[in-house]
Number of protein chains: 2
Amino acid sequence: MQFSSRMPIAVHILLCIAEFDGKYKTTSTFLAGSLGVNPVIVRNTLSKLKAAGLVRIESGVGGASLLKKPEDISLWEVFSAVEDAHSLFRYHDNPNPQCPVGRGIHKVLDKHLQSVNDTFKEQLQNICLQSLLDSLGS
Amino acid sequence: MQFSSRMPIAVHILLCIAEFDGKYKTTSTFLAGSLGVNPVIVRNTLSKLKAAGLVRIESGVGGASLLKKPEDISLWEVFSAVEDAHSLFRYHDNPNPQCPVGRGIHKVLDKHLQSVNDTFKEQLQNICLQSLLDSLGS
DNA sequence: TCTAGTTGTAAGCATGATTATTACAACAAG
DNA sequence: CTTGTTGTAATAATCATGCTTACAACTAGA
């Protein structure tokens, strides 16, 4: 099991917007050319990034721009904007409550898995768009 | 996106085997009763745990038993036994190599996401079956 | 006002993963 | 030989993902 490619796609889009700011009009078609995906995928992704307050979109005329500085956009913001991320883990639905293991499995596991979730979030929070831009150049 | 329920199912199975050792014959049907899933799911899961060297299965006669002590079985062993876990993340397939962002996106992201993967693995390695058994009682 | 390019979304489709279920050959113990 | 079990294949239902077509609504400029 893996995450969808939505977060990488969103990051790619944001990096393009930052990189081509002022040089090109970053329309969905233009961006789709760099991504190698359908323009509608770009529009849907941009729509979620807009809802998360990360970008502004010029309706009608076309083009998108960042609403925050690249150093103030974390990968977690991007991730949670495009991915319906509740928990990384899922349980089987109907453990038997009459069995001591079935009764406790959810709570017992959750105690540990929650911290995996938390660490995952913290790590993504510590990666900002600017550091990705920096590595792009090198 | 989430992981499948395979790891929680496998953990549940292993906990039952440890808990009911000597008291009940842990057949796939018996285990399925505690899990609330189909016995075939249990057999397929046990088959993967066996391939990973974690359990022994009595063919024909029925029943499974642990091959390692609960304190020596980590959640990572269980996870990687049942989940085809390469990387947590996936990329879009065809970024444009003529675009500086498209050319670099994979490598630039991978540099950071790899450490998320590593941390994920380390955390699961630090959780053992015995500690889950302990919390079960309380 | 008209035109051209764009966004926002809905709808449909193909594919693959997940889970449940049926079925049955192979096996072991009594 | 019978009974209960494992191992595994096959099927089906459901859902997520990603691609694509289509089209109304919008904006700027001629």
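Just so we're on the same page: letters track the sequence lines, and every chain starts at 1. Note that the structure is predicted; figures quoted are calculated from it, not measured.
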Write down the distance between [atom1] ([X]) and [atom2] ([N]), rounded to a whole number of angstrom.
| X | N | atom1 | atom2 | value |
| --- | --- | --- | --- | --- |
| B:Ile13 | D:dT6 | CD1 | C1' | 14 Å |
| A:Asn44 | C:dT7 | CG | C1' | 11 Å |
| B:Tyr91 | D:dG18 | OH | P | 14 Å |
| A:Leu46 | C:dT9 | CG | P | 12 Å |
| A:Leu49 | C:dT7 | CG | C1' | 15 Å |
| A:Met7 | D:dT17 | CE | C1' | 16 Å |
| B:Asp93 | C:dG16 | CG | C1' | 14 Å |
| B:Leu31 | D:dG4 | CG | P | 18 Å |

| query | How about A:Leu46 and A:Ile17: do any of their side-chain heavy atoms sit closer than 4.5 Å? | reply | yes
| field | Near-ring test B:Phe120/B:Phe3, centroid separation under 6.0 angstrom | value | yes
Presence of [X] side-chain N/O under 4.0 Å of [N] phosphate oxygens OP1/OP2:
| X | N | result |
| --- | --- | --- |
| A:Ser5 | D:dG18 | yes |
| B:Arg90 | D:dG18 | yes |
| A:Ser4 | D:dG18 | yes |
| A:Lys50 | C:dG8 | yes |

| query | Taking the nucleotide of DNA chain C with the closest heavy atom to each, which residue, A:Gly62 or B:Gly36, is nearer the 5' end? | reply | A:Gly62
| Sugar-phosphate, base or nothing in reach of A:Ile57, heavy atoms under 4.0 Å | sugar-phosphate
| remark: Contacts of B:Val40 and A:Ile41 projected onto DNA chain D by closest heavy atom; the upstream (5') one is B:Val40
| field | Closest non-hydrogen atom pair, A:Val101 against B:His12 | value | CG1-CD2, 3.5 Å
| query | For B:Cys128, does its backbone N or O pair with a side-chain atom of B:Glu71 as donor and acceptor, under 3.5 Å? | reply | no
| Between A:Asn126 and A:Glu122, is a side chain to side chain donor-acceptor pair (under 3.5 Å) present by the stated rule, with each step listed? | CA-CA 6 Å; A:Asn126 284 330; A:Glu122 284 161 22; over 6 Å; no
Can you pull every protein N or O that's under 3.5 Å from an N or O on nucleotides 23-30 of chain D?
none

| For A:Glu58 and A:Lys25, what are the C-alpha separation, side-chain angles and deciding distance, and is it a salt bridge (Lys or Arg N to Asp or Glu O under 4.0 Å)? | CA-CA 10 Å; A:Glu58 307 297 334; A:Lys25 190 166 72 161; over 6 Å; no
| note | Among the nucleotides D:dC19, C:dT19, D:dG18, whichever has the atom closest to the side chain of A:Asn38 is D:dC19
| query | Are more than 12 heavy atoms from other residues, nucleotides or ligands located less than 6.0 Å from atom CZ of A:Arg56? | reply | no
